[in-house]
Amino acid sequence: MPTLVEAGKLDEGTLLHFDLKGDREFQAIGAWLEEDPRRGQATWVIDRRKPLLWAYDGRRYSPTGLVTEIWERAGWTDRPTAVQGPERWSVYGGGTLWELAKSIQDAEAAGGEELR
């Protein structure tokens, strides 16, 4: 997240959505998410530690922290023990937070190689 914040890649208030991954997760929490669309939505806040403002409860989270909070609130008892949160949050009409950060890092690396 520091990469995205430092690059100014996302504007404050950019809308994000939670991406379900696989049938197991869909079966476990899909209905819970669909009951209230705010549960799968967040907005970007310019903060290195907790850049997601969850539409459902109005609190700020890290991407990974919000995924685990969603799993817990949905009652998914046999959920995975770890998750890569930036891969689970996407900009509407764009890529995941991980993809956006990777594109910045790749561009920086390419620019650095040209200078050598």
Heavy atoms, side chains only, cut-off 4.5 Å: are [X] and [Y] in contact?
X: Leu66; Y: Phe18; result: no
X: Met1; Y: Ser62; result: no
X: Gln84; Y: Trp98; result: no
X: His17; Y: Leu15; result: no
X: Trp44; Y: Val91; result: no
X: Trp76; Y: Gln27; result: no
X: Thr68; Y: Glu72; result: no

On a heavy-atom basis, which atom in [X] and which in [Y] lie closest, and how many Å separate them?
X: Ala55; Y: Arg38; value: CB-O, 3.6 Å
X: Pro86; Y: Pro63; value: N-CB, 3.8 Å
X: Ile104; Y: Ala7; value: CD1-CB, 3.6 Å
X: Leu4; Y: Ala101; value: CD2-N, 3.6 Å

query = Same cluster or not: are Trp89 and Phe26 linked, directly or through other Ile, Leu, Val, Met, Phe, Trp or Tyr residues, by side-chain heavy atoms under 4.5 angstrom apart?
reply = yes
Q) Hey, quick one: are Ile46 and Leu97 part of the same hydrophobic cluster, counting side-chain heavy atoms closer than 4.5 Å, chains of contacts allowed? A) yes
For residues 42-52, the salt bridge (charged side-chain N to carboxylate O under 4.0 Å, His left out) pairs (sequence neighbours left out) are Glu6-Arg48, Asp47-Arg60
Fill in: Nearest-0.5 Å distance, CD of residue Glu69 to CZ of residue Arg39
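Spacing of CD (Glu69) from CZ (Arg39) equals 12.0 Å.
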CZ on Arg88 to CG on Leu52, rounded to 0.5 Å:
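It is 13.0 Å, given to the nearest 0.5 Å.
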key: Residues clustered with Leu53, ILVMFWY side-chain links under 4.5 angstrom   =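 For the cluster that includes Leu53, the remaining residues are Val45.
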Taken in chain and number order and not counting sequence neighbours, the residues that satisfy salt bridge (Lys or Arg N to Asp or Glu O under 4.0 Å) with Asp106 are Lys102
Quick check: are there more than 12 heavy atoms from other residues, nucleotides or ligands sitting under 6.0 Å from CZ of Arg59?
no
Exercise. Thr96 side chain to Glu87 main-chain N or O, any donor-acceptor pair under 3.5 Å?
Worked result: no
Over 60° means perpendicular and under 30° means parallel, so classify the ring planes of Trp32 and Tyr56, tilted if in between.
perpendicular
